[in-house]
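What you are looking at is a predicted structure, and each value in this text was computed from that prediction instead of being measured.
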There are 2 protein chains.
Amino acid sequence: MQQGSKLSERKKKILQYVVDDYIETAVPVSSKSLTEKHLQNISSATVRNELSALEELGYLTQLHTSSGRVPSADAYKLYVSELMVKDKLSDGELDYIKKIFLDKADNMEEVIKNTTKVISELTSYPSVGITAKDNAEKIENIKFFRYRKDQALVLIVTEHRLLKDNYINVPESMSDEQLSESETVLSNMVKGKTFEEICCLEPELEDNFLGYKNIFVNVIEALRAYMHSSDDDVITEGEDKILEHPEYADVGKIKNFLSVVTKKDKIMSLLTEDGKDIEINVKIGSDGYEDIPEDCSLVTATYSANGVKLGTYGVIGPTRMDYQKVVAVLENVGKVLESILSNR
Amino acid sequence: MQQGSKLSERKKKILQYVVDDYIETAVPVSSKSLTEKHLQNISSATVRNELSALEELGYLTQLHTSSGRVPSADAYKLYVSELMVKDKLSDGELDYIKKIFLDKADNMEEVIKNTTKVISELTSYPSVGITAKDNAEKIENIKFFRYRKDQALVLIVTEHRLLKDNYINVPESMSDEQLSESETVLSNMVKGKTFEEICCLEPELEDNFLGYKNIFVNVIEALRAYMHSSDDDVITEGEDKILEHPEYADVGKIKNFLSVVTKKDKIMSLLTEDGKDIEINVKIGSDGYEDIPEDCSLVTATYSANGVKLGTYGVIGPTRMDYQKVVAVLENVGKVLESILSNR
DNA sequence: AATTAGCACTTGAAGCAAATGAGTGCTAAC
DNA sequence: GTTAGCACTCATTTGCTTCAAGTGCTAATT
């Protein structure tokens, strides 16, 4: 990977203009257009020499000998990390982010859904996200709600979440009092324990369950299933936004794109990584990530609040993507999210 | 609207073959191909005469003078109601339906999600559905679960459902005992009442709330919000399946299609109607429904179990749609659904 | 040594005409 | 009522030319 500093200032400037223009117009950029728009004081021939050098260095490519230049994956990466002028969001956009999260920050599900939604709406690219599911998260309370003779909803309160999608079977012969008692016993037992610790319990082998063994087996089974289910943790939003970009005028490409975005396990593995707070990460398909289509980029940020990792969220779109906007949105969403969740 | 019986048997047969072939191949069908595939005993000239007559009657159209014939909206409607040979699903497909619903029939949400999912997967078209939200559904029980100092989850058990997505604010000053007492009072009060009755209550004006007025106001507010929210009741699945069909090779068309399918209020109004049990209903875009794109069809069925209407589900796709398969899937899903939910 | 003007060369895109062929409609015979 | 036969239509394909945008290279200039 090339170091940006190896390039002369002029080369950097020219490369920046090429990427700027290409992102804006989607048309390969020519030496002539560069001198007309940005570099009136040097001639197109000089620019051609520079472009040729940048091509040699691997930052630019040509579709054919007589076409303008197009940035390479390396160029985009350099652009995001060094060349790009950082964008600021408008006040309206900032207000929009704040409003969304203030309106609906009651439960984690809403927050997470809104995160991908906001990102997708403001960037106009499909967004993806994973919720960090923390094995070390402590359980505070467990409650059963029997809503049918043979079935109960299991409500689990943790440090950061309320889980309410787990169900267990309850023997019809069991009385409400017995169920309530088992709830108390189990609740006391799990209080302060982490998911990991609880999943490792082997109720079959223990004695202190006061006869509620099968209930406990069911609950632990449900917890294990929850911990190992990866599906619900991947959220995508605005997949159809990809259609609005000119490089996706071809149905084959759209299919290819969607076949990746809809594969939750692939998204999962792409987003799972140890990023620091709101550190922007760019992955480009043509750069060896086989789960990202050739002409796509994935730009992500990892969010935390109160030192707890919330998850990794980002945008997936054409390599020719409005990185200025995307980075600005990701950074600001992170800030708002953190500030809102911190003063809970 | 033409009556099928006005057509001679031979015309019906020919029209059926035309629609069959066109659905299969997506290519305008010619007199020659008809005589070769289906009508070896009559000449292509005779078929041409019949086709010409069917065109006169409004069942067929030509793209240009020297192209084959394409069915009109009327032809498709006649095809579905009279001409089409009813398809049977394979044992594998039937097992698939049963398995899905048996695995996850615990809660209504799952059932509903799986309904659209199964329909979409088996037909390979996008599916849509609305859950019948019955004003007259009776509430059996209400429970509060306080998971944070200032907030509680409201669990509502009705005849057919468990609602668990409503939250209320709780004054921090309120003790757990007080909340539990308010729960008992409220639960007794609503037991056996319908949503409609409860939404009409005016807690501000009543006295018998033992000082829990603001909790009750909050709950009723949440219930009203739930009853009036239409968003959650519309479910769509497999929108991307539309890409697999050759008539959607054009991105403009795809956009147009998605702009309709993603508008929940439009879907809502299209699906809201008084259909009988598993009665198949076909709406064709070019037939005056302005919310359906020109070249699209919407095929729906309304499902019930134990005499209670569950909702209306269906498929939206190109007018040139595999109606045989779609109708077979819709009918069978309805049957399985009914049988599973009836012996609860 | 860097810059630039000038020119030859490449190449995709656009436009056009001719050839192709699938399909119809119509007429006259069966 | 059916059918063979033929003229006619029209979208599609193919090959060809022209056009313009853009580069690379060389030689002159600063």
Side-chain angles (χ1 to χ4, degrees), chain A residues 7-15 17-22 24-72 75 246-247 249-250, chain B residues 6-15 17-22 24-72 75 246-247 249-250 320:
Chain A
L7 295 176
S8 71
E9 282 309 308
R10 193 170 70 178
K11 282 202 178 59
K12 280 191 188 176
K13 210 71 201 160
I14 290 178
L15 187 53
Y17 290 138
V18 171
V19 181
D20 276 343
D21 285 9
Y22 187 65
E24 191 190 329
T25 63
V27 169
V29 341
S30 71
S31 56
K32 196 176 157 224
S33 72
L34 284 171
T35 51
E36 278 169 2
K37 269 205 233 175
H38 310 284
L39 301 159
Q40 285 90 347
N41 46 341
I42 55 175
S43 80
S44 67
T46 310
V47 175
R48 271 205 291 287
N49 289 331
E50 295 283 56
L51 291 177
S52 181
L54 284 165
E55 184 169 0
E56 198 72 24
L57 291 165
Y59 290 111
L60 297 175
T61 52
Q62 283 179 296
L63 301 178
H64 51 90
T65 51
S66 71
S67 81
R69 257 78 175 201
V70 166
S72 70
E247 34 268 274
D250 172 43
Chain B
K6 282 193 184 169
L7 295 176
S8 72
E9 281 309 309
R10 192 169 71 177
K11 283 201 178 57
K12 280 190 188 177
K13 210 69 201 160
I14 290 178
L15 187 54
Y17 290 138
V18 172
V19 181
D20 276 344
D21 284 9
Y22 187 64
E24 192 191 328
T25 63
V27 169
V29 340
S30 70
S31 56
K32 196 177 157 223
S33 72
L34 284 169
T35 51
E36 278 170 1
K37 267 205 236 177
H38 309 285
L39 301 159
Q40 286 90 345
N41 44 342
I42 54 177
S43 81
S44 67
T46 310
V47 175
R48 273 204 290 286
N49 289 332
E50 294 284 56
L51 291 176
S52 181
L54 284 166
E55 184 168 0
E56 198 73 23
L57 291 165
Y59 289 112
L60 296 176
T61 52
Q62 283 180 296
L63 302 177
H64 52 88
T65 50
S66 70
S67 81
R69 257 77 174 202
V70 167
S72 70
E247 34 268 274
D250 173 42
R320 183 196 77 84

### Message
A side-chain contact here means heavy atoms from C-beta on lying under 4.5 Å apart; do Leu60(B) and Ser72(B) qualify?
### Response
no
### Query
Is it the case that Asp21(A) and His38(A) place a side-chain donor and acceptor less than 3.5 Å from each other?
yes
### Summary
5'-most to 3'-most nt of DNA chain C touching chain A (<4.0 Å, heavy-atom partner on protein side) reads dT3(C) to dG12(C)
### Message
If the condition is salt bridge (charged side-chain N to carboxylate O under 4.0 Å, His left out), which residues does Glu247(B) pass it with, not counting sequence neighbours?
### Response
Arg320(B)
### Task
Take the protein atom CD of Glu50(B) and the nucleotide atom P of dT3(D), then report the distance between them rounded to whole Å.
11 Å
### Query
Should Val29(A) and Asp20(A) count as side-chain neighbours, where that means a heavy-atom distance under 4.5 Å?
no
### Message
Within the 4.5 Å heavy-atom criterion, are Tyr22(A) and Val70(A) side-chain neighbours or not?
### Response
yes
### Query
For the pair made of CG in Asn49(A) and C1' in dT29(D), what is the distance, rounded to whole Å?
15 Å
### Query
Would you say Lys32(A) and Glu36(A) make side-chain contact, with heavy atoms under 4.5 Å?
yes
### Query
Of all residues at least two apart in sequence or in a different chain, which pass the salt bridge (charged side-chain N to carboxylate O under 4.0 Å, His left out) check with Glu55(B)?
Arg69(B)
### Message
Within residues 62-72 of chain A, which residues have any heavy atom lying less than 4.0 Å from an atom of DNA chain C?
### Response
His64(A), Thr65(A), Ser66(A)
### Query
Closest nucleotide of DNA chain D for Glu55(A) versus for Ala45(B): which of these residues is on the 5' side?
Ala45(B)
### Message
Expected output is a numbered-order residue list: members of residues 27-42 of chain A with a heavy atom under 4.0 Å from any atom of DNA chain C. What is it?
### Response
Asn41(A), Ile42(A)
### Query
Are any non-hydrogen side-chain atoms of Leu39(B) and Ile14(B) less than 4.5 angstrom apart?
yes
### Query
Hey, what bend do you get for the helix from dA1(C)-dT30(D) to dC30(C)-dG1(D) if you fit axes on five pairs at each end, rounded to 10°?
20°
### Query
Nearest heavy-atom pair of Ser44(B) and Ser31(B): which atoms, and what distance?
O-CB, 3.6 Å
### Task
Show the numbers, then the answer: is there a side-chain contact (heavy atoms from CB on, under 4.5 Å) between Ser43(B) and Thr35(B)?
CA-CA 7 Å; Ser43(B) 81; Thr35(B) 51; 5.8 Å; no
### Message
Tyr59(A) vs Leu7(A), test: side-chain contact (heavy atoms from CB on, under 4.5 Å). Steps then yes/no.
### Response
CA-CA 11 Å; Tyr59(A) 290 111; Leu7(A) 295 176; 4.0 Å; yes
### Query
OG1 of Thr61(A) to CG of Leu54(A): how many Å apart, nearest 0.5 Å?
12.0 Å
#### Entry: Polar side-chain atom of Glu50(B) near backbone of Thr46(B) as donor-acceptor pair, under 3.5 Å
no
